[in-house]
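Fair warning: this is a prediction, and the values are worked out from it, not measured in the lab. In what follows, every heavy atom counts, from backbone to side chain, and hydrogens, waters and symmetry copies are set aside. Each ligand, and each atom within it, is numbered from 1 in the order the structure gives.
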Amino acid sequence: MQGLIVVTWERYLSERFGKRFLEVYRRTIQSHHVALASRVYTDEQWLVGVEAASKLTKLSPDTLLREYGRYFLLNGLTGHFCAYLLSQVRSGRALLLAMRDAHAQMRRASPQIIPPIFRYESISSNPNELLLIYDSPRHLCSLLWGAIEGAAERYGEAVRIVEVACMKHGAPECRLEVQFSPGKGQPAETPAQAHQRLARLRLAHLVLLSLPEQEGITLAELAERLRQRQVETEQLRPRLLLEALEHLQFAGLVRSNASQERGGLFHRRYWRAPTSGK
Ligand code: HEM
């Protein structure tokens with residue numbers, strides 16, 4: 001499991017049950033290190049944690065996973081790391097549809113990450129109604145359910161979900177009928193917020209276009225390529241470039257040699273991840 005899942009899971013536990021609970025939980029699962037969003041954990045490590053939290057809270061794993069799925073889509077850390085994906089859509093339905101390709105891309109970028117791949121079928125002439133087909137050996141449909149609720153809530157919408165088939169009850173795949181409807185709406189963005197969101201998105205697009213497909217380049221080389229594309233000097237600050245690279249890495253669009261490279265941030269090399277194939 002990608003570290004972001006483990007980190008946000010622990011945040012969820014702490015916010016829902018308190019800091020003291022998190023300490024007890026960590027002792028129970030013998031976790032002596034703070035979880036890191038940049039690491040990948042085994043499924044077993046995380047699933048042992050879900051079982052332990054269920055025993056400690058006396059809530060079923062399904063209840064916890066559903067609550068966590070909703071939390072995953074609404075908390076600030078996911079908002080930060082997944083900003084490249086989240087800032088391109090403006091509705092729960094659009095996010096759900098975008099996640100098919102986005103999860104597939106994350107798989108391509110790192111073989112250790114195995115996000116679920118969804119399929120969709122339309123079930124009526126109403127575009128806000130769709131059938132989502134979920135197939136994952138992890139059988140995390142409760143998390144999926146919560147994530148759909150979180151996606152709707154993120155954009156101030158309501159959603160009705162009916163699970164018509166479930167792998168946990170012997171079906172070959174889970175099938176969820178999902179119906180989004182307008183709710184109170186998303187809090188309106190101020191012009192300054194919209195400007196900042198679009199500026200970040202534009203910079204991330206330009207960073208992606210400037211990266212090679214092989215033989216990565218350093219931060220300084222990237223800044224030089226962006227300068228040649230007439231990107232303003234203000235936008236070329238290392239902090240902004242590193243943020244754009246990080247967001248693109250979480251979307252599975254950029255790779256780096258961070259795990260083999262020992263020379264520090266400024267020697268690290270970045271390149272574009274393949275966007276086709278398995
Ligand atoms: C409507 C929105 C979303 C839904 C319904 C959804 C659903 C899920 C589900 C059900 C899983 C559990 C893994 C499994 O079933 O095998 C998962 C994993 C994951 N999701 Fe999403 N997700 C959504 C949005 C996002 C966003 C915005 C990101 C941001 C980058 C993201 C990144 C991930 C990652 C990194 C994993 C872990 C994969 C791994 O380590 O193997 N998801 N997602």
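For Ile114, a nitrogen or oxygen atom sits less than 3.5 Å from a nitrogen or oxygen atom of ligand 1, counting backbone and side chain alike. For ligand 1, none of its N or O atoms has an N or O atom of Thr78 under 3.5 Å away.
For the pair Arg70 and Tyr68, the NZ or CZ position fails the cation-pi test of under 6.0 Å to the six-membered ring centre and within 45 degrees of the ring normal.
When Arg107, Gln2, Met1 are ranked by how near their heavy atoms come to atom 35 (C) of ligand 1, first place goes to Gln2. The closest non-hydrogen atom to atom 4 (C) of ligand 1, taken over Ala147, Ala251, Gly69, comes from Ala147.
Counting heavy atoms of neighbouring residues, nucleotides and ligands inside a 6.0 Å radius, atom NE2 of His139 exceeds 12 of them. The 12-atom threshold is exceeded at CD of Glu224, counting heavy atoms of other residues, nucleotides or ligands nearer than 6.0 Å. More than 12 heavy atoms of other shown residues, nucleotides or ligands fall within 6.0 angstrom of atom CZ in Arg90.
Of all protein heavy atoms, the one lying nearest to atom 13 (C) of ligand 1 is Arg138 NH1, 3.3 Å. If you check which protein heavy atom lies closest to atom 22 (N) of ligand 1, you get His103 CE1, 3.1 Å. For atom 30 (C) of ligand 1, the closest non-hydrogen atom of the protein is Cys82 SG, 2.6 Å. The protein non-hydrogen atom at the shortest distance from atom 17 (C) of ligand 1 is Pro116 CD, 3.5 Å. Looking from atom 2 (C) of ligand 1 to the surrounding protein, the closest heavy atom is Met99 CG, 3.4 Å. Closest protein heavy atom to atom 37 (C) of ligand 1: Ile5 CG1, 3.6 Å. Looking at atom 14 (C) of ligand 1, its nearest protein heavy atom turns out to be Ser136 OG, 3.4 Å. Among all protein heavy atoms, the one lying closest to atom 15 (O) of ligand 1 is Tyr134 OH, 2.5 Å.
Taking every heavy atom of Ala151 and a limit of under 4.0 angstrom, the matching atoms of ligand 1 come to 1 (C). Heavy-atom proximity to Phe250, at under 4.0 Å, picks out these atoms of ligand 1: 30 (C). Numbered from 1 in the order shown, with element, the atoms of ligand 1 that lie under 4.0 Å from a heavy atom of Ile113 read 38 (C), 39 (C), 40 (O), 41 (O).
Ring centroids of Phe118 and His103 are separated by less than 6.0 Å, placing the two rings close together. Aromatic rings of Tyr84 and His205 (six-membered ring for Trp) have centroids within the 6.0 Å cut-off, being under it.
Salt-bridge check for Arg175 with Glu121: passed, with a basic side-chain N closer than 4.0 Å to an acidic carboxylate O. Under the 4.0 Å criterion applied to side-chain N and carboxylate O atoms, Arg20 and Glu23 are assigned as salt-bridge partners.
Contact annotation for Phe118 and ligand 1: only side-chain heavy atoms (C-beta onward) come within less than 4.0 Å of the ligand.
Between Tyr25 and Phe21, the two ring planes are parallel [angle under 30°; tilted spans 30° to 60°].
Residues His80 and Glu243 have side chains that never bring a donor and an acceptor to within less than 3.5 angstrom of each other. For the 3.5 Å distance criterion, the side chains of Lys55 and Thr28 fail to qualify, holding no donor opposite an acceptor.
Residue contacts with ligand 1 include Leu96, since one or more of its heavy atoms lies under 4.0 Å from the ligand.
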